[in-house]
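What follows is a set of notes on a single structure, which appears directly below.
Residue numbers run from 1 in the order of the sequence given. Keep in mind that what you see is a predicted model, and the values were worked out from it rather than measured.
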Amino acid sequence: MRLDLPLHWKVQYGRVPSPNQAPGGVDMPDMKVDLAIVGSGGAAFAAAIHATKLGRSVVMIERATLGGTCVNTGCVPSKALLATAEVRHVAGDAGRFPGIAASAADVDMPALIAGKQALVESMRAEKYADVAAAYGWPIVQGDATFTGTGDAPALDVARTDGTTETVEAGHYLVATGSQPWIPPIDGLAGPENPSGVEYLTSTTAMELDEVPESLLVLGGGYVALEQAQLFARLGSKVTMLVRSRLASREEPEASKALIGVFTDEGIRVVRRATATSVRRDETTGEVVATATVSGGTQEFRASRLLVALGRRPVTHGLNLEAVDVKTGDLGEMVVDDRLSSSNPRIWAAGDVTGHREFVYVAASHGTMIVENAFAGADREVDYRHLPRVTFTSPALGSVGMTEAEVLAAGIACDCRVLPLEYVPRALVNRDTRGFIKIVADAATGQILGLTAVAKDAGELAAAGVYLLEAGMSVDQVAHQWAPYLTMAEGIKIACQSFTTEVSMLSCCAS
């Protein structure tokens with residue numbers, strides 16, 4: 001049975017049609033649809049849009065806030081705050097431009113957070129609630145739990161209004177995302193230690209009403225990097241405890257460059273450090289963390305503690321085992337290359353799969369699943385040319401394979417690292433911190449990977465996607481057009497460096 005509801009039936013947010021309530025509040029029977037989606041983030045919306053375009057009936061079930069992580073607690077609010085913090089930093093760093101004088105005033109944190117929240121709410125309404133209303137799929141607010149059997153799965157939904165209903169679908173998509181992971185560090189607050197030391201996560205850190213005087217950050221991945229620089233630029237004294245190196249999955253040159261940047265900005269980075277316990281100093285009120293550092297033991301103090309040691313898929317409470325869906329050691333739904341779970345009618349997309357945690361990956365997953373489930377596309381995920389960006393300043397952007405990955409694959413590697421002092425755009429920006437690295441097949445010259453630490457490194461990574469997809473060689477790129485005084489010109493110069501001493505190039509005649 002297909003479910004088609006008129007758009008003038010309104011529910012939450014005043015826009016989205018209710019799936020089981022007609023005007024006047026009369027309950028409708030339990031639902032049967034083509035696609036039932038648990039979650040309402042990027043993967044969920046991409047799938048719902050595509051399925052609706054194919055003429056399929058869709059229902060979306062969300063237990064928390066519409067829009068998922070990206071718009072509410074992830075990409076949008078974090079990058080909005082990073083952009084604001086950069087304005088303050090640039091004001092304080094204006095002296096690097098001759099003839100300019102400026103200063104960085106104290107931060108009005110409540111106003112900053114209010115501005116961030118206004119942006120979030122605007123985008124949630126325009127890009128999620130209004131889009132759902134325009135396409136006409138219903139959104140149920142409540143907790144979904146799988147029931148039935150593997151051959152006949154269904155969803156029991158406990159709605160926030162106290163009612164319950166059963167949803168039956170031809171296919172089910174789990175797009176419940178991920179949440180910050182908190183390791184078992186002695187002394188941290190938790191269900192078994194309610195009086196322990198309170199800590200911040202990437203979510204709660206963006207709700208603070210004041211800038212911490214000092215901040216201890218556990219972690220060295222993209223969340224830790226962005227949050228550490230954010231609060232340092234807002235005025236906190238920041239220390240990072242990093243188990244291996246910054247951005248450990250990327251090129252080692254990226255870690256070295258970012259440590260230099262962070263050191264310049266007063267951020268202390270302690271490598272080979274693992275926190276083992278935390279406590280609160282009752283005299284000063286500070287958090288005191290004990291950590292093993294290169295085999296020894298040290299204590300670190302700060303007014304606040306931020307735990308940014310990764311995220312874990314959200315699958316608890318779904319009762320996946322009842323419908324024969326396998327999960328992995330970290331709780332992730334185990335899927336094949338088509339994103340089908342061990343139950344062929346149940347699919348997973350986005351962070352809940354344990355795959356790379358990017359919203360554009362989740363959105364691609366959502367569209368692909370619909371094509372596989374309803375159009376017989378038999379598409380498979382392909383991450384070979386997946387761009388990766390960490391929004392520090394300068395940013396870290398990369399695409400394709402690292403030098404270590406190329407060598408591990410048994411491919412003879414030819415690489416070049418171009419310091420930004422040879423990129424004219426960086427010179428006129430008066431910021432040459434960073435580099436562009438090209439990794440190529442030594443036998444063919446084909447470009448296999450690109451990494452940059454630079455202003456607009458994300459755009460460089462995007463350009464790299466097209467170079468890799470086209471299978472271009474170093475020589476081809478070295479002889480292509482590149483607009484002068486752009487960071488993208490640095491890719492061409494990096495390719496020229498394979499055969500030319502770049503110090504011998506004229507800045508305007510390369």
Side-chain angles (χ1 to χ4, degrees), residues 1-7 9-13 16-22 25-41 43-52 54-68 128-129 132-133 135-177 314-325 333 339-350 352 366 369-370 372-374:
M1 183 178 80
R2 299 285 292 277
L3 180 70
D4 296 302
L5 299 174
L7 287 179
W9 293 2
K10 309 292 185 181
V11 291
Q12 190 182 19
Y13 306 107
V16 184
S18 170
N20 72 335
Q21 196 170 72
V26 180
D27 283 341
M28 296 176 64
D30 290 335
M31 300 171 59
K32 292 186 178 181
V33 294
D34 294 321
L35 178 64
I37 302 172
V38 184
S40 67
F45 264 72
I49 289 170
H50 201 55
T52 304
L54 293 179
R56 301 290 180 167
S57 57
V58 175
V59 63
M60 186 176 288
I61 304 160
E62 174 57 62
R63 67 180 176 184
T65 306
L66 182 70
Y128 291 86
Y135 281 98
W137 72 74
I139 297 177
V140 177
Q141 200 75 25
D143 276 295
T145 304
F146 278 101
T147 187
T149 66
D151 293 332
L155 286 170
D156 278 350
V157 182
R159 296 171 60 106
T160 54
D161 63 6
T163 62
T164 61
E165 63 187 293
T166 299
V167 176
E168 297 179 10
H171 290 272
Y172 301 84
L173 170 59
V174 178
T176 46
V314 176
T315 53
H316 59 273
L318 290 174
N319 197 30
L320 293 169
E321 63 277 7
V323 286
D324 300 333
V325 173
M333 286 182 63
L339 299 176
S340 174
S341 75
S342 49
N343 186 321
R345 290 174 57 188
I346 301 176
W347 308 74
V352 76
I369 284 166
V370 169
N372 287 343
F374 298 111

Say you draw a straight line from CG of D151 to CG of N343; how long is it, rounded to the nearest 0.5 Å?
->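 Result: 8.0 Å between the selected atoms.
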Hey, could you give me the CG/CE distance between L66 and M60, rounded to the nearest 0.5 Å?
->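 Going from CG on L66 over to CE on M60, the span is 7.5 Å.
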Heavy atoms, side chains only, cut-off 4.5 Å: are [X] and [Y] in contact?
X	Y	answer
R56	V370	no
V59	M31	yes
T315	V352	yes
L339	N372	no
V174	W347	no

For [X] against [Y], the heavy-atom pair lying closest together:
X	Y	result
A48	V58	CB-CG1, 4.0 Å
G150	D324	CA-OD2, 3.4 Å
A175	A44	CB-N, 4.1 Å
L318	A144	CD2-O, 3.5 Å
L35	A51	CD2-CB, 4.0 Å
A36	V167	CB-CG1, 3.9 Å

Kindly indicate, with the supporting measurements, whether the criterion side chain to side chain contact (heavy atoms under 4.5 Å, CB included) is fulfilled by M333 and I346.
-> CA-CA 10 Å; M333 286 182 63; I346 301 176; 4.0 Å; yes
Pick one: which of T164, T166, N319 meets side chain to side chain donor-acceptor pair (under 3.5 Å) with D156?
->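 Exactly one pass, corresponding to T166.
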Got a sec, which residues hit ring-ring contact (aromatic ring centres under 6.0 Å, His included) with F45, two or more places apart in sequence or on another chain?
->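 With neighbours one apart ignored, the set is Y128, W137.
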Could you tell me whether the side chain of Q141 and the main chain of A64 form a donor-acceptor pair under 3.5 Å?
->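 The answer is yes, because a donor-acceptor pair under 3.5 Å joins these two groups.
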Side chains of T163 and D161, donor plus acceptor under 3.5 Å |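 On atom types as modelled, these side chains qualify, holding a pair under 3.5 Å.
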Could you go through the side chain to side chain contact (heavy atoms under 4.5 Å, CB included) check for Y172 and V38 one step at a time?
-> CA-CA 8 Å; Y172 301 84; V38 184; over 6 Å; no
Picking from T145, T147, D143, I61, what satisfies side chain to side chain contact (heavy atoms under 4.5 Å, CB included) with L155?
->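 Output: one option passes, namely I61.
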Can you list the residues that meet the salt bridge (Lys or Arg N to Asp or Glu O under 4.0 Å) rule with R345, with sequence neighbours excluded?
->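 Partners of R345 by the salt bridge (Lys or Arg N to Asp or Glu O under 4.0 Å) criterion come out as none, since no residue qualifies.
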